[in-house]
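Since the structure comes first, as structure tokens, the remarks are kept for the end.
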Amino acid sequence: MPLKVVVGAQWGDEGKGKIVDLLAERADVVARYQGGNNAGHTLVIGSETYKLRLVPSGILYPGTECVLGNGCVIDPEVLIEELDGLLARGVDVSGLRISGNAHLIMPWHRIIDADSELQLGRLQIGTTRRGIGPAYADKALRVGIRVQDLLDEKILRMKIQTALSVKNLELRKLHHHRPLDKEEVTVAMLGYAARIRPFIADTSLLVHRALSDGRFVLCEGAQGTLLDIDNGTYPFVTSSNPVAGGACAGLGVGPTRIAAVLGVTKAYVTRVGAGPFPSEADADRGARLRERGGEYGTVTGRDRRCGWLDIVGLRYAARLNGLTELAVTKLDVLSMFDRIPICTGYRLEDGRETVEFPSHQTDFHHAQPVYEELPGWSTDISEVTAFGELPEAARAYLDVVEERVGVPVTMVGIGQRRDQTLTRRELAPAA
């Protein structure tokens, strides 16, 4: 049975966690393929709210194997804290498996990340300062420390000593930070190792065997397409590849295994941190969207910038990911507007209009939105139980999205709870 990949089709925060949680009910394996604790999923199940940062959304289903793949970066302190929180709430975490090839976020990564962002001043890119970027940088420089190094104290000690012989110079001279004590760091990491050791596995082999046995493997990406380091709005991006193709490298599976790619988009758009945002709403309506939609970061608590649905960016995401279906979340938030703008094109600095996402950053940075207005529905839809019960204007809004993007809308979110998701038509098969 092939893979189904769930990707963010905007700048992250699209509600992927809820969609993955719904699909995970049928999944045998839920695997995350990139990112670290710079991304969060908020899941509302009955009266309970779960805020996950690293552990895949499928952890709430007993018997489901949950994988953190080799493309992830793991802060062991954060992971253990999250596992302890889940255990305290009666959640069985024994199904978690962590790739030994995933890289570790070390204490120096967090310090360097936070200070480097401050040094950029007004040119800050909006990093979460969790050490994600520096960890991926060390991975690319081939000096990173991996999860499997926790299994061998001799190798771990050697790698920490080697790393700090260089990092302490950087911390002291560039970041004006006291050097880290090698023994203190090593002892702390050995303590984490004792807790994490039972979860370490060859996750590439695990996923391969699951697929070969005909089991359903669901993959989730963190962040969103427009934050992809290669294809996003660089440098205002994350440090990995959230696009569907990243699932292959980040889990160690071949591209022929992917059968379906579900893109998740809000009915509007949000962005965290700095960077261009053509369809950003004015201050008043942006604040209304933020308050009604609860647009504050799960991990950081930061306000999210809010704007109108960007069809240009969504079509770009469909192309990059090969989307086979769309889930549109938070449609209920738009119920307060009589008229709803959607961005259908960009006007560039030289006056030209385009419906394609600009390939040159200067064009994108100066792009102005070309809007069409659609009628609102001005009624609460949060308790609707079937797609056909939605107001005609709400269904028309989804029809426009489907037509302009060229991808069928199969799921519609009208609230945070599990039961506030409508299925529009038969979901694309996982097999």
Report task. Report yes if the side chains of Ile200 and Ile196 come closer than 4.5 Å at any heavy-atom pair, otherwise no. Result -> yes
Query raised in the report: Can you check whether Arg197 reaches Leu150 side chain to side chain, under 4.5 Å on heavy atoms?
Result: no
Query - Side-chain touch Glu81/Val78, heavy atoms, less than 4.5 angstrom - result: no
Report task. Report the C-alpha separation of Glu295 and Lys266 in whole Å, then their side-chain angles, then the decisive distance to 0.1 Å, and conclude whether the salt bridge (Lys or Arg N to Asp or Glu O under 4.0 Å) test is met. Result -> CA-CA 11 Å; Glu295 298 299 350; Lys266 283 175 184 163; 2.8 Å; yes
Query raised in the report: So Asp202 and Leu206, side chain to side chain contact (heavy atoms under 4.5 Å, CB included) or not? Walk me through it.
Result: CA-CA 6 Å; Asp202 183 345; Leu206 183 157; over 6 Å; no
Query - Pair His109-Arg130, side-chain donor/acceptor within less than 3.5 Å - result: no
Query - Stepwise side chain to side chain donor-acceptor pair (under 3.5 Å) check, Asp380 with Ser335 - result: CA-CA 6 Å; Asp380 181 22; Ser335 297; 5.6 Å; no
Pair up each side-chain donor or acceptor in residues 246-253 with any protein partner under 3.5 Å, not counting sequence neighbours, and list the distances.
none

**Report entry** Val55 vs Val93, side chain to side chain contact (heavy atoms under 4.5 Å, CB included): CA-CA, chis, key distance, verdict
**Finding:** CA-CA 9 Å; Val55 178; Val93 300; over 6 Å; no
Query raised in the report: So, does Arg157 use its side chain to make a donor-acceptor pair with the main chain of Lys182 at under 3.5 Å?
Result: no
Requested in this report: Apply side chain to side chain contact (heavy atoms under 4.5 Å, CB included) to Met106 and Lys167, showing your working.
Outcome: CA-CA 11 Å; Met106 302 297 290; Lys167 297 298 181 182; over 6 Å; no
Requested in this report: Please report the closest heavy-atom contact between Tyr316 and Leu226, naming both atoms and the distance.
Outcome: CD2-CD2, 3.6 Å
Report task. Decide whether Asp332 and Ser382 meet the rule of one side-chain donor and one side-chain acceptor closer than 3.5 Å. Result -> no
Query - Polar side chain donor-acceptor pair, Thr203 to Asn70, under 3.5 angstrom - result: no
Query raised in the report: Would you find a donor on one side and an acceptor on the other, under 3.5 Å apart, between the side chain of Arg215 and the backbone of Ser212?
Result: no
Report task. Would you tell me whether Thr265 and Glu14 have side-chain atoms, one donor and one acceptor, within less than 3.5 Å of each other? Result -> no
Query - Close aromatic pair by centroid cut-off 6.0 Å: Phe337 and Trp308 - result: yes
Report summary line: What one should report as the nearest heavy-atom pair of Pro56 and Leu68 is CD-CD2, 3.9 Å
Query raised in the report: Which is it for Lys4 and Glu220 under the salt bridge (Lys or Arg N to Asp or Glu O under 4.0 Å) test, yes or no, and what are the steps along the way?
Result: CA-CA 9 Å; Lys4 184 167 191 170; Glu220 63 173 343; over 6 Å; no
Query - Nearest heavy-atom neighbours spanning Thr270 and Cys306 - result: CG2-SG, 3.9 Å
Query raised in the report: Are Tyr192 and Ile74 side-chain neighbours, meaning at least one heavy-atom pair lies under 4.5 Å?
Result: no
Requested in this report: Please check if any side-chain donor atom of Asp310 sits under 3.5 Å from a side-chain acceptor atom of Tyr268, or the reverse.
Outcome: no
**Report entry** Over 12 foreign heavy atoms within 6.0 Å of CD, Glu183
**Finding:** yes
Requested in this report: To the nearest 0.5 angstrom, please state how far the CD1 atom of Ile340 sits from the CD atom of Glu373.
Outcome: 9.5 Å
Requested in this report: Walk me through it: do Asn101 and Ser99 pass the test side chain to side chain donor-acceptor pair (under 3.5 Å)?
Outcome: CA-CA 5 Å; Asn101 289 339; Ser99 171; 4.6 Å; no
Report task. Please check if atom CD in Gln161 has more than 12 non-hydrogen atoms from other residues, nucleotides or ligands closer than 6.0 Å. Result -> no
Requested in this report: Decide, yes or no, whether a salt bridge links Glu372 with Arg339 under the criterion of side-chain N to carboxylate O below 4.0 Å.
Outcome: no
Query raised in the report: Under 3.5 Å, is there a donor-acceptor pair between the side chain of Glu291 and the main chain of Ala287?
Result: no
**Report entry** Partners meeting ring pair (Phe, Tyr, Trp, His ring centres under 6.0 Å) with Phe199 (sequence neighbours left out)
**Finding:** none
Query raised in the report: Can we say Asp84 and Arg195 salt-bridge, meaning some charged N sits less than 4.0 Å from an Asp/Glu carboxylate O?
Result: yes
Query raised in the report: For Asn241 and Asp228, does a side-chain donor sit closer than 3.5 Å to a side-chain acceptor?
Result: yes
Query raised in the report: Within a reach of under 6.0 Å around CD of Gln416, are more than 12 heavy atoms found that belong to other residues, nucleotides or ligands?
Result: no
Report summary line: Looking only at heavy atoms, the pair that brings Ile311 and Val401 closest together is CD1-CA, 4.4 Å
Query raised in the report: Taking 4.0 angstrom as the limit, do Arg404 and Asp399 come out as a salt bridge?
Result: no
Query - Pair Thr421, Lys18: side-chain N/O donor-acceptor within cut-off below 3.5 Å - result: yes
Query - Thr64/Asp28 under side chain to side chain donor-acceptor pair (under 3.5 Å): CA gap, chis, key distance, verdict - result: CA-CA 5 Å; Thr64 300; Asp28 299 293; over 6 Å; no
Report task. Mind checking salt bridge (charged side-chain N to carboxylate O under 4.0 Å, His left out) for Asp21 and listing every partner two or more places apart, or none if nothing turns up? Result -> Arg418
Report task. Answer whether the closest heavy-atom distance between the side chains of Leu326 and Val264 falls below 4.5 Å. Result -> no
Query - Criterion side-chain contact (heavy atoms from CB on, under 4.5 Å) against Ile105, the qualifying member of Ile132, Asp113, Ile145 - result: Ile132
Query - Residues Tyr397 and Glu402: side-chain donor-acceptor under 3.5 angstrom - result: no
**Report entry** Polar side-chain atom of Lys159 near backbone of Arg146 as donor-acceptor pair, under 3.5 Å
**Finding:** no
Query raised in the report: Just wondering, do Leu218 and Val29 contact through their side chains at under 4.5 Å, heavy atoms?
Result: no
Query raised in the report: Any side-chain heavy atom of Glu356 sitting closer than 4.5 Å to one from Val312?
Result: no
**Report entry** Side chains of Gln10 and Thr225 in contact at under 4.5 Å (non-hydrogen atoms)
**Finding:** no
Report task. Compute the ring centroids of Trp11 and Phe236, then answer whether they are less than 6.0 Å apart. Result -> no
Query - Gap between atom CG of Leu289 and atom CG of Leu334 - 0.5 Å precision - result: 6.5 Å
Report task. Measure from NZ or CZ of Arg290 to the centre of the six-membered ring of Tyr296, then state whether that distance is under 6.0 Å and the direction lies within 45° of the axis. Result -> no
**Report entry** Ion pair Glu280/Arg285, N-O distance below 4.0 Å
**Finding:** no
Report summary line: Closest non-hydrogen contact found for Asn321 with Ala244 is OD1-N, 2.8 Å
Requested in this report: May I ask you to decide if Gly35's main-chain N or O and Gln223's side chain share a donor-acceptor pair within less than 3.5 Å?
Outcome: no
Query raised in the report: Val384 and Ala386: which non-hydrogen atoms are nearest, and at how many Å?
Result: CG1-O, 3.1 Å
Query raised in the report: Between Leu79 and Asp75, does a side chain to side chain contact (heavy atoms under 4.5 Å, CB included) hold up when you go through it step by step?
Result: CA-CA 6 Å; Leu79 177 61; Asp75 186 322; over 6 Å; no
Query raised in the report: Near Tyr371 OH, under 6.0 Å, is it more than 12 heavy atoms from other residues, nucleotides or ligands?
Result: yes
Query raised in the report: Are Arg417 and Asp419 ion-paired here, with the side-chain N under 4.0 Å from a carboxylate O?
Result: yes
